Amino acid sequence: MFASLLTTIFFSLSVIFAARSSRILGGQIANLGRICLAAVLLAIWAHAFGAGLHGASLPWFFLSGVVGFGLGDIALFGALPRIGPRLAILLTQCLAAPVAALTEWLWLGTTLRAVDLMCAATILVGVAIALAPDHGSNVDRRTFWIGVLCGIGSALGQAFGAVLSRKANDVAALTGFPIDGGTAAYQRIVGGVLMTAVAFAFTKRAARTPSPNGTSGGWRAAWPAVTANALFGPTLGVGCYQWALKTTPSGIVLPIIATSPLVTIGLSFFLDGLRPTRRAVSGGVIAVAGAVVLKCIQSAG
């Protein structure tokens with residue numbers, strides 16, 4: 001239980017510091033900086049205590065990282081400066097659950113029951129309520145909806161990455177070469193680093209103009225947030241997640257972690273002074289409730 005609570009807090013803190021760093025450096029630079037730092041930390045663990053880059057499941061973990069850490073986080077860092085950490089993590093965490101369930105049904109043959117569809121519908125209703133336009137919002141509608149689309153892309157990346165990770169774990173079990181959580185995160189983040197670097201190089205070349213965000217002054221202001229994002233997210237967050245799954249049934253772990261959007265609302269208020277509207281909180285509660293029930297059902301099944 002304690003590890004699950006730590007995971008929820010770490011993931012929530014991670015997205016808040018990700019929003020801070022992306023506002024200073026821009027999403028692409030902030031994402032590349034934190035994923036490279038996290039890769040170094042995870043590499044030390046994997047090569048010193050884990051399996052490094054070995055195992056038959058490596059290609060699947062690598063692909064999972066390309067989709068989840070790569071495409072998914074690129075989309076997340078596109079959402080953060082536009083709609084903020086509260087809505088970004090709400091879209092990512094809550095929409096990922098039904099998308100992953102649907103993907104597993106189509107690809108891995110996992111059964112979808114009527115109650116699963118009801119939970120998915122509940123999540124969508126809650127997200128729709130939370131995303132309804134605020135009359136007092138100072139974000140123009142074009143920016144807002146681009147951020148929403150990025151948030152949906154982040155959810156798709158997390159969902160598809162999770163399904164690919166499940167496939168990787170199945171391959172590891174079948175070949176008798178189990179992979180510990182830290183090594184799995186490292187093998188995934190290698191794919192994520194390559195995808196993020198390619199995307200950064202492509203967008204920088206397409207812009208053809210240097211970005212002012214990546215200056216030394218910008219980095220001096222942003223490095224605490226980048227470091228905190230790398231530590232709380234793919235390093236400590238993932239580490240505690242694996243610890244939780246090792247010591248506690250997944251039926252308890254997953255519902256607790258699914259409450260991270262609500263934790264983010266509270267932390268955003270205390271750390272950044274972002275006061276949510278009543279409708280946003282209501283929609284978040286509905287969406288999180290649907291995600292919790294869906295993950296409880298999936299774990300029990």
Side-chain angles (χ1 to χ4, degrees), residues 3 6-53 58 60-81 85 88-89 92-93 96 154 157-158 161-162 164-165 168 179-201 213-214 218-219 222-245 257 260 264:
L6 283 179
T7 303
T8 304
I9 294 172
F10 286 153
F11 281 170
S12 300
L13 285 170
S14 174
V15 76
I16 291 173
F17 286 111
R20 288 186 181 183
S21 61
S22 65
R23 284 194 294 266
I24 299 172
L25 297 173
Q28 294 281 11
I29 299 177
N31 185 28
L32 182 62
R34 70 105 195 188
I35 199 172
C36 288
L37 176 58
V40 171
L41 296 175
L42 288 170
I44 294 173
W45 165 267
H47 288 289
F49 307 104
L53 293 174
L58 172 61
W60 290 105
F61 278 125
F62 179 87
L63 182 59
S64 172
V66 169
V67 175
F69 274 129
L71 297 175
D73 283 357
I74 289 171
L76 175 62
F77 274 81
L80 287 171
I89 196 172
T92 300
Q93 293 285 359
S154 174
Q158 176 166 307
L164 288 167
S165 289
I179 299 294
D180 66 272
T183 299
Y186 170 59
Q187 293 183 358
R188 291 185 70 230
I189 209 169
V190 170
V193 168
L194 292 178
M195 184 69 240
T196 304
V198 169
F200 176 75
N213 297 322
W219 273 107
W223 75 261
V226 173
T227 303
N229 181 207
L231 288 174
F232 288 131
T235 308
L236 292 177
V238 172
C240 285
Y241 179 57
Q242 298 300 325
W243 173 28
L245 290 175
I257 296 176
S260 56
T264 302

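Not measured: the values here are computed from a predicted model.
- Remark: the backbone N or O of Thr8 is paired with a side-chain donor or acceptor of Ser12 at under 3.5 angstrom.
- Listed here is the closest heavy atom pair of Thr183 and Ala51: OG1-N, 3.2 Å.
- You'll find the side chain of Asn229 reaches within 4.5 Å of the side chain of Phe77, heavy atoms only.
- Residues Gly161 and Ser64 share a closest heavy-atom pair of O-OG, 2.7 Å.
- Contact annotation: the side chain of Asn31 never approaches that of Phe200 to less than 4.5 Å [non-hydrogen atoms, C-beta and beyond].
- When all heavy atoms are compared, the tightest approach of Thr235 to Ala230 is OG1-O, 2.9 Å.
- Nearest heavy atom pair, residue Gly33 against residue Trp219, reads CA-CH2, 4.1 Å.
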Are Val226 and Ile24 close enough, and set up right, to give a side-chain contact (heavy atoms from CB on, under 4.5 Å), and what steps lead you there?
CA-CA 10 Å; Val226 173; Ile24 299 172; over 6 Å; no

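- When side chains are defined from C-beta on, Val15 does not count as touching Thr92, because their heavy atoms never get closer than 4.5 Å.
- Using cut-offs of 30° and 60° on the angle between ring planes, the pair Phe232 and Phe17 is parallel.
- With rounding to the nearest 0.5 angstrom, the CD1 atom of Ile179 is 8.0 Å from the CG atom of Leu58.
- Looking only at atom types and distance, the side chain of Ser165 has a donor-acceptor partner in the side chain of Arg188 under 3.5 Å away.
- The main-chain N or O of Pro224 is never found under 3.5 Å from a side-chain atom of Thr227 such that the two would form a donor-acceptor pair.
- In this structure a side-chain-to-backbone donor-acceptor pair under 3.5 Å is present from Gln187 to Gly52.
- Side chains of Leu194 and Phe62 form a contact here, defined as non-hydrogen atoms less than 4.5 Å apart.
- Annotation for Tyr186 and Ala43: closest pair CE1-CB, 3.4 Å, computed over non-hydrogen atoms.
- Of all heavy-atom pairs between Ala199 and Ile74, the closest is CB-CD1, 3.5 Å.
- At least one side-chain heavy atom of Ile89 sits under 4.5 Å from a side-chain heavy atom of Ser260.
- Of the inter-residue distances, the one linking Ile29 atom CD1 with Arg34 atom CZ reads 15.0 Å to the nearest 0.5 angstrom.
- Side-chain contact between Leu236 and Leu6 is absent, with no heavy atoms from C-beta onward closer than 4.5 Å.
- Taking 4.5 Å as the limit, every side-chain heavy atom of Asp73 sits out of range of all side-chain heavy atoms of Thr196.
- Residues Gln28 and Leu32 fail the side-chain proximity criterion, which asks for heavy atoms closer than 4.5 Å.
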